[in-house]
Amino acid sequence: MNPFVTIVSGLPRSGTSMMMRMLEAGGMPVVTDAIREADVDNPRGYYEFEPAKKTKDDPSWLDSAHGKAVKMVYQLLYDLPGDRHYRVLFMRRSMPEVLASQKKMLARLGRDAGGISDEKMAALFQAQLSKFEAWAVQQPHLSILEVDYNRMVSDPVPLASQVNQFLGGILDEGKMVAVVEPDLYRNRG
C-alpha cells in the first residue's frame, strides 16, 4: 500500500473526473460514493465523495484512503490534516474552456452564473489559484504534479507515464490511456 493518499484536484470542469477514471482503470482503487450519478455533463460519472467535502470537521475517512485516489476541489485541500502525506494531481485546463463548460452545465441545471461575467469569473479563479499555489508550496505534506487536461486529451501517453511515475510506477499506463475519450472534449473556449 502506498504511504500516501492520492488527491485529484483542480478547478471545476478541469478534467478531474477523467483523471479519476484513468487512475481507476490503471489499477488504483478510488474513493467514491456514486451519489452524484453520471449525466450529460459527465457521462462516465463524477467520482465524488461527500465526506471529502467535510474533511475540516471530520477527516476520519482519510484513515482508509492510503493507496487510493479521491477527488477534491482545490479549495478543500486547505482542510487536509498535515499528519499524513498526499500526492496531488492538479488538473489544469484552458480558462476559457473551464468557463464555457461550467456555463453549459449550469444552464442544463437551470442555474446561471449569478450575473458574473467570464472576465470576472476568470479573475476570481486566478486569484484563488494564486493564493492556493502560494500556500501549497509551503506545505511539506503535499507533493503536487500539474497535469494539463488539453495535452492529456490530445497526447495521453507521455502524461500517463508522468502521472504513473509520480504515483510510484504501479499503474497500468496502457489501461489509463485507453479510457481517454477525445469525443468527450466538447467544451472548447
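Side chains included, hydrogens not; waters and symmetry mates left out as well; all remaining heavy atoms used.
The 12-atom threshold is not exceeded at NE2 of H85, counting heavy atoms of other residues, nucleotides or ligands nearer than 6.0 Å.
Checking side-chain atoms of S9 against main-chain N and O of M72 turns up a donor-acceptor pair under 3.5 Å. A donor-acceptor pair is defined here as one N or O able to donate and one able to accept, closer than 3.5 Å; no such pair exists between the side chain of K54 and the backbone of E50. Using modelled atom types, no side-chain atom of S14 and backbone atom of G10 make a donor-acceptor pair closer than 3.5 Å. Looking only at distances, a side-chain donor or acceptor of N150 sits under 3.5 Å from a matching main-chain atom of S94. In terms of modelled atom types and a separation under 3.5 Å, the side chain of R87 and the main chain of F166 share a donor-acceptor contact. Although no hydrogens or angles enter the test, the distance criterion places no donor-acceptor pair under 3.5 Å between the side chain of S161 and the main chain of V157.
Between the CD atom of Q165 and the CG atom of L145 there is a distance of 11.0 Å, given to the nearest 0.5 Å. In this structure, E173 CD and L159 CG are separated by 11.0 Å, a value rounded to the nearest 0.5 Å. Of the inter-residue distances, the one linking L89 atom CG with T6 atom OG1 reads 6.5 Å to the nearest 0.5 angstrom. In this structure, CG on D172 lies 11.0 Å from CE on M22, to the nearest 0.5 angstrom. Annotation: the span from D79 atom CG to D58 atom CG amounts to 12.0 Å, rounded to 0.5 Å.
At a threshold of 4.5 Å between side-chain heavy atoms, the hydrophobic network of Ile, Leu, Val, Met, Phe, Trp and Tyr places V177 and L167 in two separate groups. Linking ILVMFWY side-chain heavy atoms closer than 4.5 Å, directly or via other members, places L124 and L76 in a single hydrophobic cluster. Residues V31 and V88 share a single hydrophobic cluster, defined by chaining ILVMFWY side chains whose heavy atoms lie under 4.5 Å apart.
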From CA spacing to verdict: side chain to side chain donor-acceptor pair (under 3.5 Å), E24, Y47:
CA-CA 10 Å; E24 181 179 48; Y47 286 87; 2.6 Å; yes

CA sep, side-chain torsions, deciding dist, call: R21, M176, side chain to side chain contact (heavy atoms under 4.5 Å, CB included):
CA-CA 8 Å; R21 191 162 170 249; M176 292 173 69; over 6 Å; no

M152 and V147: CA distance, side-chain angles, deciding distance, side chain to side chain contact (heavy atoms under 4.5 Å, CB included) verdict:
CA-CA 8 Å; M152 184 64 83; V147 181; 3.7 Å; yes

Could you walk me through whether Q75 and F132 pass the side chain to side chain contact (heavy atoms under 4.5 Å, CB included) test, one step at a time?
CA-CA 8 Å; Q75 292 170 310; F132 171 78; over 6 Å; no

Does F125 form a ring pair (Phe, Tyr, Trp, His ring centres under 6.0 Å) with Y74? I'd like the steps, not just the answer.
CA-CA 11 Å; F125 277 151; Y74 71 98; 7.4 Å; no

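Residues P51 and D33 have side chains in contact (heavy-atom distance under 4.5 Å, counting atoms from C-beta outward). Residues M20 and T32 are not in side-chain contact: their nearest non-hydrogen atoms beyond the backbone lie 4.5 Å or more apart. Side-chain contact check for V70 versus I7: some heavy-atom pair is nearer than 4.5 Å. The closest side-chain heavy-atom distance from T16 to V73 is not below 4.5 Å. Counting heavy atoms from C-beta outward, E146 and M91 have side chains that stay 4.5 Å or more apart. Looking at heavy atoms from C-beta onward, V30 lies out of side-chain contact with K68 at the 4.5 angstrom threshold.
For the pair L80 and H141, the tightest heavy-atom approach, listed with the atom from each and the gap, is O-NE2, 3.8 Å. Of all heavy-atom pairs between P59 and P81, the closest is CB-CG, 3.9 Å. Nearest heavy-atom pair, N164 versus L171, reported as atom, atom and distance to 0.1 Å: OD1-N, 2.8 Å. Looking at every heavy atom in both residues, A134 comes nearest to V137 through O-CG2, 3.4 Å. When all heavy atoms of F90 and L129 are compared, the pair lying nearest together is CZ-CD2, 3.6 Å.
Residues R84 and D63 are paired through a salt bridge, judged by an N-O separation under 4.0 Å between the basic side chain and the carboxylate. Classification of E133 and R92 as a salt-bridged pair holds, one side-chain N sitting under 4.0 Å from a carboxylate O.
For the 3.5 Å distance criterion, the side chains of S17 and K71 qualify, holding a donor opposite an acceptor. Side-chain contact of Q139 with Y86: a donor-acceptor pair under 3.5 Å is absent, judged by distance alone.
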